[in-house]
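Just below is one structure, and these are the notes that go with it.
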Amino acid sequence: MMSNENYEAASRGGTSDKLAEFQDHSRGFLGNIQHVLHVNPAMVPLIVLVASIVVFGLLLGSKFFSPFALTLILQQVQIVGIVAAAQSLVILTAGIDLSVGAIMVFSSVVMGQFTFRYGLPPAVAVAAGLMVGTACGFVNGWLVAKVKLPPFIVTLGMWQIVLATNFLYSANETIRAQDIAENAPLLQLFGAKVNIGGAVLTVGVIFMVLLVLTLSYVLKQTAWGRHVYAVGDDPEAAELSGVNVKRTLISVYMLAGLICAFAGWALIGRIGSVSPTSGQLANIESITAVVIGGISLFGGRGSIMGTLFGALIVGVFTLGLRLMGADAQWTYLLIGLLIICAVAVDQWIRKVSS
């Protein structure tokens, strides 16, 4: 008969009584860099931004580092930066919004037409423009969340609809800057200049920076922000964990529409007039800033601060090459290379979580 000691030894199969131990697999130098960039997605565009400023600064000297040149970059990217903030929210949910530019321009047209065609107070006209932008975003969000249509198709259709409505409603007429300055200066508020420590900034630039900082805080520190990331990462898992995916998506698209309407207000301040033909490249420029800024097109990863850095990178390259007297096509070529490199880096970084 088998003794108790032998039985216990056999039942253990000769296994050790020690607690389970996990081997520590070293990531190595590249692995550590990959991990750091995964945890801090805004670091890559920040490094590229600083490097580009240093390079152009060395090549151009005081011509590039002058307060005028540096503030000019901010003024040039303010519209793209605001629209890109809206685009960032949508892309974080693994969607895309091709209608942001059209919503921006249509909102500005509504503000102008309500003031000059209907004689409404400028404040009421601005409020109407903001509501129109939000309503367009709601339609996008409802079709994506409730009807389950692909974001690309929905926003492509909305882009065409809003663009056509914009031209039909405005009769393709421009409201002149002189008329706005005399009768409705509130519409040009975002173009007002503010002197801060010798640097001349516009209200639009200040708004862009405050918007990005606010959204960055909201996305990182609030439940809604965590829900946005969760929906973009895995909507089914997010729903199982108690996230109202449909409500989150609708709120994201509505907020994006509202931000685009603010961009329309800022556009009036930037160009001075209300033009239905302005801002035609805002869709592509916003996506460019988001991609270069390190936000993943697959959703669920990235920082809105990176989007601001992405917009600034484009501004630095544009102004730097212009001051060097280079052909404008070089700007498009280098930005195209940056886009491809940004997506490649994103794919490399995503291997950490796979």
Side-chain angles (χ1 to χ4, degrees), residues 42 45-88 101 104 108 177 180-181 185-216 259-260 262-273 275 278-279 281-282 285-286 288-290 292-293 303-326 328 330-332 334-335 338:
L46 177 59
I47 293 172
V48 175
L49 175 62
V50 173
S52 60
I53 291 175
V54 170
V55 170
F56 282 113
L58 292 173
L59 292 174
L60 296 167
S62 59
K63 188 191 299 186
F64 182 79
F65 275 126
S66 66
F68 172 77
L70 295 177
T71 54
L72 181 61
I73 292 172
L74 289 170
Q75 293 178 31
Q76 287 179 336
V77 305
Q78 61 180 309
I79 305 301
V80 175
I82 297 171
V83 177
Q87 189 72 260
S88 298
M104 173 188 72
S108 71
I180 296 176
L186 178 64
L187 297 183
Q188 296 177 336
L189 172 65
F190 280 72
K193 289 183 169 55
V194 180
N195 195 317
I196 302 178
V200 180
L201 304 175
T202 63
V203 174
V205 170
I206 297 172
F207 176 82
M208 175 189 68
V209 174
L210 292 178
L211 173 66
V212 170
L213 292 175
T214 301
L215 290 177
S216 179
I259 293 172
C260 289
F262 272 106
W265 190 4
L267 181 64
I268 299 175
R270 173 65 180 158
I271 65 177
S273 60
S275 173
S278 59
L281 297 177
E285 291 174 343
S286 67
T288 298
V290 171
I292 294 177
S303 166
I304 202 162
M305 287 299 297
T307 294
L308 176 59
F309 297 149
L312 290 173
I313 289 169
V314 175
V316 168
F317 270 82
T318 302
L319 181 62
L321 291 172
R322 185 181 303 166
L323 291 175
M324 291 176 64
W330 281 103
T331 304
Y332 295 112
L334 292 175
I335 291 174
L338 279 176

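Just so it is clear, the structure is predicted and the values come from calculations on it, not from any experiment.
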Write down the atom of Val200, the atom of Lys193, and the distance for their closest heavy-atom approach. CG1-CD, 3.7 Å

Minimal heavy-atom distance between Ser108 and Gly264, with the atoms involved, is CB-O, 3.3 Å

Pair Thr331-Thr318, side-chain donor/acceptor within less than 3.5 Å: no

Could you tell me whether Tyr332 atom OH has more than 12 heavy atoms of other residues or ligands within 6.0 Å of it? no

Between CD1 of Ile73 and CG of Leu319, what distance do you get to the nearest 0.5 Å? 5.0 Å

Quick one, Phe262 with Leu211, criterion side chain to side chain contact (heavy atoms under 4.5 Å, CB included). Give me CA distance, side-chain angles, the key distance, then yes/no. CA-CA 10 Å; Phe262 272 106; Leu211 173 66; over 6 Å; no

Determine the minimum heavy-atom distance between Met305 and Ser216, stating which atoms define it. CG-OG, 3.8 Å

Does Val314 form a side chain to side chain contact (heavy atoms under 4.5 Å, CB included) with Gln76? I'd like the steps, not just the answer. CA-CA 10 Å; Val314 175; Gln76 287 179 336; over 6 Å; no

State the CG-CG distance between Leu323 and Leu60, to the nearest 0.5 angstrom. 5.5 Å

Is the ring pair Phe190/Phe207 parallel, tilted or perpendicular, if the boundaries are 30 and 60 degrees? perpendicular

Considering all heavy atoms of both residues, which atom of Ala266 and which atom of Ile82 are nearest to each other, and what is their separation? CB-CD1, 4.0 Å

Residue pair Ser278 / Leu267, side-chain heavy-atom distance below 4.5 Å: yes

Is there a donor-acceptor pair under 3.5 Å between the side chain of Gln188 and the backbone N or O of Gly272? yes

Quick one: side chains of residues 49-59, donor-acceptor pairs under 3.5 Å with protein atoms, not counting sequence neighbours, listed by atom name and distance.
{"residue": "Ser52", "atom": "OG", "partner": "Val48", "partner atom": "O", "Å": "3.1"}
{"residue": "Ser52", "atom": "OG", "partner": "Leu49", "partner atom": "O", "Å": "2.7"}

Side chain to side chain, Leu201 and Asn195, heavy atoms closer than 4.5 Å: no

Looking at every heavy atom in both Ala85 and Thr307, which two are closest together, and how far apart are they? N-CG2, 4.3 Å

Is Trp265 close to Leu186 at the side-chain level, that is, under 4.5 Å between some pair of heavy atoms? yes

With a 4.5 Å heavy-atom cut-off, do Gln75 and Val205 have their side chains touching? yes

Ala84 versus Ala289, closest heavy-atom pair with distance: CB-CB, 3.9 Å

Residue among Leu308, Leu338, Ile335, Leu334 satisfying side-chain contact (heavy atoms from CB on, under 4.5 Å) with Ile313: Leu338

Rounded distance (nearest 0.5 Å) linking atom CG of Leu312 with atom CG of Leu74: 6.0 Å

Please check: side-chain N/O of Ser62 versus main-chain N/O of Phe65, any donor-acceptor pairing under 3.5 Å? no

Using 0.5 Å steps for rounding, measure from the OG1 atom of Thr288 to the CD atom of Gln87. 10.0 Å

Check whether any side-chain heavy atom of Val83 sits under 4.5 Å from a side-chain heavy atom of Glu285, and report yes or no. no

Taking Ser273 for the side chain and Ser275 for the main chain, is one N or O donor matched with an acceptor at less than 3.5 Å? no

